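Beneath this line is the structure, given in structure tokens, with notes to follow.
This is a predicted model, so every value here is computed, not measured. Only this structure's heavy atoms are used, side chains among them; waters, hydrogens and symmetry mates stay out.
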Amino acid sequence: LAASKRHTIMLTIHQPRSDMFQVFQQIMILSRGDTTYCGPAQSMVRYFTNLGYPCPAYTNPLDEYVDVCSIDTRRTGTMETTRARVQELTEAFKKSTIARSIPDSCPRPDDVAVMSSLKDRSPSWLNKVFILTSRMNMNLLRARTGMQMRAFQMLLFGILLFLFVLRLGNSQRSIQDRSGVFYQIVSGPLFIGMLTAVALFPSLRNSMSREVRDGLYYTPVFMFGYLGHMLPFCIFSSVILSSMFYWSTGFKDDPAAFAGFTGVCICTQFVGEGVALVALAVFTNPNMANSVSALFFSFTALLCSGFLRNIESMPKVIQDMTYIGVQKFASEILVANEYPGLQFKCDQSNSTSSAEPCRFPNGEAYLVANFPTAVEQLHRNYYYMSAYCVGLFVVALFIFSLRSYVKRR
């Protein structure tokens with residue numbers, strides 16, 4: 001193409017094979033935006049050898065000099081040493097005959113006017129958020145496994161739950177069925193959101209660390225971009241789950257109750273991902289973040305849902321601790337929307353041991369015994385559950401911003 005069309009071809013490549021070295025006519029090596037070499041490929045080895053960095057025998061020159069011109073950030077001592085070496089190479093190139101032979105019409109990396117104009121044309125933070133969100137969505141579409149996790153995990157969860165429950169009735173046994181379903185609804189999406197974040201976010205976190213360090217944007221810009229990427233999938237998958245599961249299972253035929261059920265699915269999935277983000281901000285190892293998040297959700301499901309043990313029967317100190325889990329608010333929303341007005345059948349035609357005991361003739365009796373404040377605090381629980389989601393995002397944003405600030409120091 002270069003010979004037949006008389007075009008100049010420019011490309012970036014990281015650590016190419018040694019046979020590619022013969023293909024290039026001109027080579028430029030950059031380190032943190034500064035030029036450490038720019039000139040003929042045949043002159044590169046001789047240039048670095050004269051500076052005291054010969055290429056060992058049987059070594060790919062491109063591998064060798066990309067390493068020489070890189071800063072090792074793994075340890076503090078090596079980072080300072082390699083940064084000083086790169087600074088030395090950058091200054092040496094500016095004073096070299098190769099640099100002086102570059103035509104003055106070519107832009108130079110230390111051209112203040114050019115750099116200033118580029119800075120002035122930097123997009124606004126809102127455009128950066130949109131660009132980051134679009135990039136995450138595009139990368140997710142290319143990664144089939146990640147797309148399946150985001151779009152279909154909740155649907156699969158709903159199908160499995162439906163096959164287990166099938167159809168709810170109005171018998172005394174259906175009370176236990178409803179409690180089991182609600183327990184799964186306030187627990188399952190938490191783990192789905194957590195597993196999704198642990199699987200997909202670490203690679204994005206690495207990109208954020210590099211790009212924030214290079215000054216492309218600040219940490220809050222990335223986090224809002226991730227929010228714009230993640231939230232639509234939470235809403236979409238939760239609406240699909242609730243639309244399929246709620247009506248087919250036979251919950252209360254009430255649009256407001258359906259909206260509350262859908263809102264709980266959205267918020268619990270969001271909280272699952274939010275807790276995982278906080279854990280990934282604290283722990284570099286995704287396995288550690290996964291273990292800590294799973295332990296937290298298991299503990300709060302036991303303590304806060306109210307389905308395994310009546311919260312009102314707990315000591316006052318333990319009752320206050322139930323506010324640490326979103327399951328408390330989600331459970332009360334579900335039962336407050338479902339049970340009022342329900343009438344349960346009681347088989348009192350005989351006194352044999354096979355007859356069902358009529359403990360709860362209606363939904364109000366169940367609420368008085370197990371969730372006495374759920375109905376009157378319904379709107380408060382909506383507010384608390386929403387605040388829980390926002391608070392998790394703010395905590396994750398703060399920890400990631402703090403880590404970026406410490407690294408810059």
Can you tell me how far the CZ atom of Phe261 sits from the CG atom of Asn337, to the nearest 0.5 Å?
10.5 Å
For residues Ser31 and Ser70, report the shortest heavy-atom separation together with the two atoms involved.
OG-CA, 4.4 Å
Show me the pairs that pass side-chain hydrogen bond (donor to acceptor under 3.5 Å, both in side chains) and involve residues 216-226, at least two apart or across chains.
Arg150-Tyr226, Glu211-Tyr217, Thr219-Ser404, Tyr226-Glu273
Residues forming a side chain to side chain donor-acceptor pair (under 3.5 Å) with Thr262, sequence neighbours excluded:
Ser242
For the pair Phe258 and Tyr246, name the ring-plane relationship: parallel under 30°, tilted 30 to 60°, perpendicular over 60°.
perpendicular
Test item: Tyr388 side-chain N/O and Ile324 main-chain N/O as donor-acceptor pair under 3.5 Å
yes
Can you name the closest pair of heavy atoms from Met223 and Leu277 and give their distance?
CE-CD1, 4.4 Å
If you draw a 6.0 Å radius around CZ in Phe224, do more than 12 non-hydrogen atoms from other residues or ligands fall strictly inside?
no
Under 6.0 Å from the CD atom of Gln25, do we count more than 12 heavy atoms belonging to anything else shown?
no
Any non-hydrogen side-chain atom of Cys55 less than 4.5 Å from a side-chain atom of Phe48?
no
Go through the steps for Phe182 and Tyr366 under the test ring pair (Phe, Tyr, Trp, His ring centres under 6.0 Å), then give the verdict.
CA-CA 14 Å; Phe182 288 156; Tyr366 173 84; 8.9 Å; no
State whether the number of non-hydrogen atoms from other residues, nucleotides or ligands found under 6.0 Å of Phe296 atom CZ is greater than 12.
yes
Would you please name every residue forming a side-chain contact (heavy atoms from CB on, under 4.5 Å) with Thr322, sequence neighbours left out?
Leu303, Cys304, Ile311, Met314, Lys328
For Met79, look at atom CE and say whether over 12 heavy atoms of other residues, nucleotides or ligands are found less than 6.0 Å away.
yes
How far apart are the closest heavy atoms of Gly225 and Leu132, and which atoms are they?
CA-CB, 4.5 Å
Can you confirm whether more than 12 heavy atoms, excluding those of Glu80, are under 6.0 Å from its CD atom?
yes
If you draw a 6.0 Å radius around CG in Asp320, do more than 12 non-hydrogen atoms from other residues or ligands fall strictly inside?
yes
Can you check whether Phe191 and Phe297 have ring centres sitting under 6.0 Å from each other?
yes
Nearest 0.5 angstrom please: Asn290 CG to Met194 CE, how far?
4.5 Å
Is there side-chain contact between Tyr339 and Ile175, with heavy atoms separated by less than 4.5 Å?
yes
Looking at Glu88 and Arg85, does any basic side-chain N land under 4.0 Å from a carboxylate oxygen?
no
Any donor-acceptor pair under 3.5 Å linking the side-chain atoms of Ser238 with those of Gln269?
yes
